[in-house]
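Bear in mind the structure is a predicted one, so any value in this text is a computation, not a measurement. Throughout, numbering of the chain's residues begins at 1 and tracks the sequence.
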Amino acid sequence: MRSSSSQTGVVAAAPVTAPPRRVRRGLWTRLPVWLRYGLLLAALIGIWQLYISLRDVNPLQFASPGDVARTFFDGWKDGTLASTTLTTLRILGLGMGFGILAAALLTAFATVSKIGDDLLSLLTAIINPLPGVAILPLAILWFGLSDRALVFVIANAVTWPIAISLSTGFKTVNSTIIAVARNIGVSGRRLMTDVLAPAALPHVISGLRTAWAFGWRTIIAAELVFGVAGGEGGLGNFINNA
């Protein structure tokens with residue numbers, strides 16, 4: 001049986017689709033990322049200098065870009081800024097190392113045990129919202145005014161974002177991948193190290209980036225407030241003195 005359109009001699013026309021519109025990219029978006037950031041930074045410095053020049057600000061209250069540049073250059077020239085930076089990086093690296101180890105152990109326990117999962121959830125709910133520097137007075141009572149107090153504070157600050165990201169990464173791994181691994185006999189520690197950890201790598205990187213930022217904020221704030229990192233001054237102490 002012919003369709004009614006065929007009987008009447010009417011042929012349905014195919015719908016006409018408009019050609020895709022080409023998105024016009026502006027000059028700014030065609031520039032490299034590094035150049036766009038550099039131009040924005042130059043504009044901000046220019047506004048900064050313009051404010052200093054027009055308002056005749058007291059240099060003790062608001063330094064000019066030139067003053068900052070000279071101080072930065074002199075600090076690296078005489079080694080003061082280099083030594084304080086290395087001191088801060090050393091303590092930050094130790095704290096990050098202990099924090100990563102603690103986060104890995106807590107996440108591993110949470111992965112293999114429901115008790116561990118509940119423990120990790122409880123600890124992150126209690127400790128993670130606290131500012132890292134809030135633990136410093138307690139650390140000083142335990143370790144005194146030393147590097148160990150700062151390392152402990154940094155480790156506490158970076159453990160929880162890493163543990164949260166790592167746990168989230170493990171829980172969001174494709175169940176098919178886990179099933180295939182178990183079917184070929186992978187279980188226990190190998191399942192975690194050879195399957196879950198590589199699959200959760202994006203979450204791990206995100207957690208490390210967040211933890212690095214938390215660690216920097218914590219150590220600079222701690223050195224600003226308490227002035228010293230053991231027997232040597234770090235960047236926070238350098239900023240405070242400046």
Do His203 and Thr172 pass the side-chain contact (heavy atoms from CB on, under 4.5 Å) test, and can you show the C-alpha distance, the side-chain angles, and the key distance before you say yes or no?
-> CA-CA 10 Å; His203 290 84; Thr172 55; 3.6 Å; yes
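- A heavy-atom distance below 4.5 Å is found between the side chains of Arg90 and Asp147.
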Which side-chain N or O atoms in residues 103-112 pair as donor and acceptor under 3.5 Å with protein atoms at least two apart or in another chain?
| residue | atom | partner | partner atom | Å |
| --- | --- | --- | --- | --- |
| Thr107 | OG1 | Ala103 | O | 2.7 |
| Thr111 | OG1 | Thr107 | O | 2.7 |

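- Counting heavy atoms from C-beta on, the side chains of Ile239 and Leu224 come closer than 4.5 Å.
- Both Leu40 and Trp34 are part of a single hydrophobic cluster, where members link through side-chain heavy atoms under 4.5 Å apart.
- Residues Leu150 and Ala222 come closest through the heavy atom pair CD2-CB, 3.5 Å.
- Checked by atom type and distance alone, the side chain of Ser206 never pairs as donor or acceptor with a backbone atom of Pro202 at under 3.5 Å.
- Considering every non-hydrogen atom in both Thr124 and Asn128, the closest pair reads O-CB, 2.9 Å.
- To the nearest 0.5 Å, atom CE of residue Met96 and atom OG1 of residue Thr159 are 9.5 Å apart.
- Residues Ala211 and Val158 share a closest heavy-atom pair of O-CG1, 3.3 Å.
- Classification of the Phe143-Phe152 ring pair by plane angle, with boundaries at 30° and 60°, yields tilted.
- At least one side-chain heavy atom of Leu120 sits under 4.5 Å from a side-chain heavy atom of Ser167.
- Taken together through direct or relayed side-chain contacts under 4.5 Å among Ile, Leu, Val, Met, Phe, Trp and Tyr, Val153 and Val133 form part of one hydrophobic cluster.
- Grouping the Ile, Leu, Val, Met, Phe, Trp and Tyr side chains by contacts below 4.5 angstrom, directly or via other members, places Trp142 with Ile135.
- Note on Leu44: it does not cluster hydrophobically with Phe62, by side-chain heavy-atom contacts below 4.5 Å among ILVMFWY residues.
- The shortest heavy-atom contact between Ala63 and Trp48 is O-NE1, 3.0 Å.
- Closest non-hydrogen pair, Arg36 versus Thr29, comes out as NH1-O, 3.7 Å.
- For the pair Leu92 and Trp212, the minimum side-chain heavy-atom distance is below 4.5 Å.
- Between Leu208 atom CG and Ser165 atom OG the span is 8.0 Å, to the nearest 0.5 Å.
- Proximity of Leu235 to Leu81: side-chain heavy atoms (C-beta onward) are separated by under 4.5 Å at one or more points.
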Please test Asp118 against Ser121 for side chain to side chain donor-acceptor pair (under 3.5 Å), starting from the C-alpha separation and ending with a verdict.
-> CA-CA 5 Å; Asp118 293 339; Ser121 299; 5.4 Å; no
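- For the pair Leu123 and Trp160, the minimum side-chain heavy-atom distance is below 4.5 Å.
- For the pair Asp117/Lys171, a side-chain contact is recorded, criterion being any heavy-atom separation below 4.5 Å from C-beta on.
- In this structure, Glu223 and Asn240 have side chains that are not in contact, with every pair of non-hydrogen atoms separated by 4.5 Å or more.
- A donor and an acceptor atom, one from each side chain of Thr71 and Asp74, are nowhere located under 3.5 Å apart.
- Across Val151, Ile91, Leu89, Thr87, a single residue satisfies side-chain contact (heavy atoms from CB on, under 4.5 Å) together with Ile219, and that is Ile91.
- Leu138 and Phe214 fall into different hydrophobic clusters, defined by Ile, Leu, Val, Met, Phe, Trp and Tyr side-chain heavy atoms under 4.5 Å apart, directly or through other members.
- In this structure, Leu50 places its CG atom where more than 12 heavy-atom neighbours from other residues, nucleotides or ligands lie under 6.0 Å away.
- Atom OG in Ser64 sits 13.0 Å away from atom OH in Tyr51 (nearest 0.5 Å).
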Please step through side-chain contact (heavy atoms from CB on, under 4.5 Å) for the pair Trp28 and Leu39, ending with a clear verdict.
-> CA-CA 10 Å; Trp28 182 260; Leu39 291 174; 3.8 Å; yes
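- Of all the heavy atoms in Gly234 and Thr88, the pair that sits closest is CA-OG1, 3.4 Å.
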